[in-house]
Amino acid sequence: MAGLSHYWESLPAESPLKAKYAPPAGGAVSYWASLAVVALGIVTAASGAVGLGLAVVMAGVVWGALVFRGSAKAAARLDVWRGSHVCLACTRRF
């Protein structure tokens, strides 16, 4: 039995098991877009359209929370992958 991450790293690139045991996709996390929406909402509220500005700010905050939640789920999947083991005889995951 071996750690899945070490086993995956030791596989040659042409191995069909390389794709089967690949780490889960993490995706890049960027909060800049949600921060820009919040800033736009603040500018909109300051220019006189308070209701619209607050709605835009809330949309930016919700968007940022969703990005954070997705990032946390991706990190949890990667932690599970790193903690997994593979049987060297039958290539079954544990």
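Atoms considered below: every heavy atom in the structure, side chains included; atoms not considered: hydrogens, waters and symmetry mates.
Applying the side-chain contact (heavy atoms from CB on, under 4.5 Å) criterion to Lys73, with sequence neighbours excluded, gives Arg69, Arg77. Under the rule for a side-chain contact (heavy atoms from CB on, under 4.5 Å), the partners of Leu54 that lie at least two apart in sequence or sit in another chain are Val50. Legend: residues meeting side-chain contact (heavy atoms from CB on, under 4.5 Å) with Leu52, ordered by chain and number and at least two apart, are Thr44, Ala49, Val56.
Taking CG from Leu88 and OH from Tyr7, the interatomic distance works out to 6.5 Å, rounded to the nearest 0.5 Å. With rounding to the nearest 0.5 Å, the separation of OG in Ser84 from CG in Asp79 is 10.5 Å.
For Trp81 against Pro23, the heavy-atom pair with the smallest separation is CE2-CA, 3.5 Å. Pairing each heavy atom of Glu9 with each of Lys18, the nearest pair is O-NZ, 4.1 Å. Scanning both residues, Ala33 and Trp63, for their nearest heavy atoms gives CB-CH2, 3.6 Å. Considering all non-hydrogen atoms of both residues, Gly60 and Ser34 come closest at O-CB, 3.5 Å.
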For Val86 and Trp8, what are the C-alpha separation, side-chain angles and deciding distance, and is it a side chain to side chain contact (heavy atoms under 4.5 Å, CB included)?
-> CA-CA 10 Å; Val86 64; Trp8 180 78; over 6 Å; no
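Cluster membership for Leu66 and Tyr31, using ILVMFWY side-chain heavy atoms within less than 4.5 angstrom, is not shared. Hydrophobic cluster membership differs between Ile42 and Val37, with clusters built from Ile, Leu, Val, Met, Phe, Trp and Tyr side chains linked at under 4.5 angstrom. Put simply, Val38 and Val67 are part of two different groups of oily side chains (I, L, V, M, F, W, Y) that touch within less than 4.5 Å, one to the next.
In the displayed structure, Phe68 atom CZ is contacted under 6.0 Å by at most 12 heavy atoms of other residues, nucleotides or ligands.
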